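Okay, so here's the structure we're looking at.
Remember, predicted model here, so these are calculated numbers, not experimental data.
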Amino acid sequence: FHLSLQCKILKCNSEFWASSSGPEEEFCTALRAYNNCVRRTARTCRGDLAYHSAQHGIEDLMSQNNCSKEGPTTQPRARTPAPPPQLQPDSQERSDGPEQCHYERSLHRQSSPPNYTYCGFFGDPHLRTFSDDFQTCKVEGAWPLIHNKYLSVQVTNTPVVPGSSATATSKLTIIFKNFQECVDQKMYHAETDELPAAFADGSKNGGDRHGANTLRIVEKVPGQKVEIHARYIGTTIVVRQVGRYLTFAVRMPEEVVNSVEDRDNQDLYLCLHGCPANQRIDFRTFRARGVEGHGPSKSRTGSPPHGFTYKAAMAKCKERLPVEDLYFQSCVFDLLSSGDVNFTMAAYYAFEDVKMLHSNKDKYHIYEKDVFGSNAAPRGSDVFSLVLLNFLSVLFIYSPLPTSSSLC
């Protein structure tokens, strides 16, 4: 039943792009068919960024091509794409375009160098905001990470373990908006087991404008790592699939980060403001609950329900993350809450992305004292052990007992 309600917007997109090359009359017919397809997905796609992008894109295309909303909607047969013309070089080989399509070159020579900021989202899920706050959140369903004048990013998080509040990212959509002579609007969409090395329209750059190559997709590891370079806004994005889930990291100039169009609707922009208070998992809350005095329960077999003891989780995370910062602690947290060993690599690669993208090497590591202030409890494994034990006491009380097969 759940599968039948999944958003099918990508199917509408692919059908339209496969049938939209042809005379104006046939293009308008394909566009009306596309519009009907998108309207049929309204119930299941209402919160999906790709769905809303398609709605606006159809309106623009209708206007640009003088298409009437009334008329035939029979879908034309898909055509075999024509071979690329040989008279001019492919758009991938063109020059990089005008100066305004290079963020740093376009700045006034007298101005100071741009201040680059970083945001990352990974694991169960953990958020590092542009201001270097580190949060663990629930945020099930679709949530916006970034929304400004130049691009929008939305993630969809699904439960990791049935009956638990632990979630991880299974879908990610990025929309790069039209920008001057540089790029056409482009959409990138990834989901579990589908990490494309191209935009949704099949292209790998910003389209047919002079600065198209200032937006490029580079596949680093097929099916595992993609980088998107948007030089016209000084931005680099890394998307990975680790295990069954996606991770996201971005380096972006502070000027671009703050280029919001509607400040009244920016509260849910997670990379800028963090997760809403009612969606955060606060370690101090678990400490308070621990004072009430219940240790973690065990399953009927006497083993921890998700397969990792605290000691085993610590040892596993230590293999990849020797420094006991919040990346290490998030790794332990995720192993205990899910039992999925792939979260070890998710935390490891999240920290690797920090080292690649963060502009201040002194801020690579974040510790608990950085999050809770200098009056927080002393740092160290004993403190975090108490936090995790208290977390497990809550998780195990409300999670269903596992079957014997889940313990294998």
Side-chain angles (χ1 to χ4, degrees), residues 120-128 134-137 157-170 192 221 224-225 240-249 281 283 286-287 290 295-299 301-356 364-368 371 379-396 399 401-408:
F121 196 74
F122 69 98
D124 184 14
H126 308 283
L127 170 69
R128 180 169 179 163
F134 195 100
Q135 302 169 0
T136 297
C137 309
N157 305 311
T158 53
V160 174
V161 179
S164 169
S165 62
T167 67
T169 301
S170 57
T192 299
V221 182
Q224 295 180 40
K225 181 184 178 184
R240 299 179 186 264
Q241 176 167 332
V242 185
R244 294 173 50 232
Y245 300 104
L246 305 176
T247 71
F248 170 84
I281 298 174
F283 290 158
F286 291 116
R287 284 198 190 97
S297 61
K298 295 184 178 181
S299 72
T301 65
S303 302
H306 297 307
F308 274 93
T309 63
Y310 173 69
K311 185 176 180 180
M314 288 272 291
K316 189 65 183 174
C317 293
K318 205 78 168 178
E319 293 174 7
R320 291 285 183 172
L321 298 158
V323 177
E324 292 190 26
D325 61 0
L326 287 178
Y327 287 91
F328 169 84
Q329 294 182 5
S330 69
C331 171
V332 176
F333 183 96
D334 290 354
L335 290 186
L336 291 172
S337 63
S338 71
D340 186 345
V341 72
N342 288 304
F343 282 120
T344 303
M345 297 307 297
Y348 168 75
Y349 284 127
F351 187 67
E352 289 298 297
D353 291 339
V354 169
K355 291 192 289 185
M356 182 181 106
Y364 288 173
H365 295 284
I366 301 182
Y367 298 94
E368 188 177 355
V371 175
R379 248 174 47 210
S381 59
D382 291 340
V383 170
F384 191 60
S385 174
L386 176 61
V387 171
L388 288 168
L389 290 177
N390 294 330
F391 163 70
L392 289 175
S393 70
V394 177
L395 179 69
F396 294 168
S399 297
L401 289 173
T403 62
S404 58
S405 62
S406 69
L407 298 172
C408 297

> Between Leu321 and Phe328, what is the shortest heavy-atom contact and its length?
Replying inline: O-CD1, 3.2 Å

>> Quick one, Thr247 and Tyr349 - any side-chain contact, counting heavy atoms below 4.5 Å?
In response: no

> Are more than 12 heavy atoms from other residues, nucleotides or ligands located less than 6.0 Å from atom NZ of Lys316?
Replying inline: no

>> What I want to check is whether the side chains of Arg128 and Tyr327 have a donor and an acceptor closer together than 3.5 Å.
In response: yes

>> Show the nearest heavy-atom pair for residues Val161 and Ser338, with the distance to one decimal.
In response: CG2-CA, 3.9 Å

> Just how far is it from atom CD of Gln241 to atom OG1 of Thr169, taken to the nearest 0.5 Å?
Replying inline: 11.5 Å

> With no hydrogens and no angle check, is any side-chain donor or acceptor of Ser170 less than 3.5 Å from a backbone partner on Thr192?
Replying inline: no

>> For the NZ atom of Lys355 and the NE2 atom of His365, what is their distance to the nearest 0.5 Å?
In response: 7.5 Å

>> How close do Val332 and Cys317 get, counting heavy atoms only, and between which atoms?
In response: N-SG, 3.3 Å

>> Return the CG to OG1 distance between Asp124 and Thr167, rounded to the nearest 0.5 Å.
In response: 6.5 Å

> Which pair of non-hydrogen atoms, one from Val242 and one from Ala346, has the smallest distance, and what is that distance?
Replying inline: CG1-N, 3.6 Å

>> To the closest 0.5 Å, what do you measure between CG (Leu246) and CZ (Phe122)?
In response: 14.5 Å

> Hey, is Asp353 close enough to Arg240 for a salt bridge, meaning N to O under 4.0 Å?
Replying inline: yes

> Would Tyr367 and Val323 count as a side-chain contact (heavy atoms from CB on, under 4.5 Å) if you check the C-alpha gap in whole Å, the side-chain angles of each, and the deciding distance to 0.1 Å?
Replying inline: CA-CA 10 Å; Tyr367 298 94; Val323 177; 3.3 Å; yes

> Looking at CE of Met314 and CD of Glu319, how far apart are the two atoms once the value is rounded to the nearest 0.5 Å?
Replying inline: 13.0 Å

>> Do Asp325 and Phe134 make a side-chain contact, defined as non-hydrogen atoms from C-beta onward lying under 4.5 Å apart?
In response: no

> Of all heavy-atom pairs between Asp334 and Gly123, which one has the smallest distance, and what is that distance?
Replying inline: OD2-CA, 3.6 Å

>> Nearest 0.5 angstrom please: Gln135 CD to Ile281 CD1, how far?
In response: 11.0 Å

>> Once you measure the plane-to-plane angle for Phe343 and Tyr245, does it fall in the parallel (<30°), tilted (30-60°) or perpendicular (>60°) bin?
In response: parallel

>> Show the nearest heavy-atom pair for residues Phe308 and Gly339, with the distance to one decimal.
In response: CE1-O, 3.7 Å

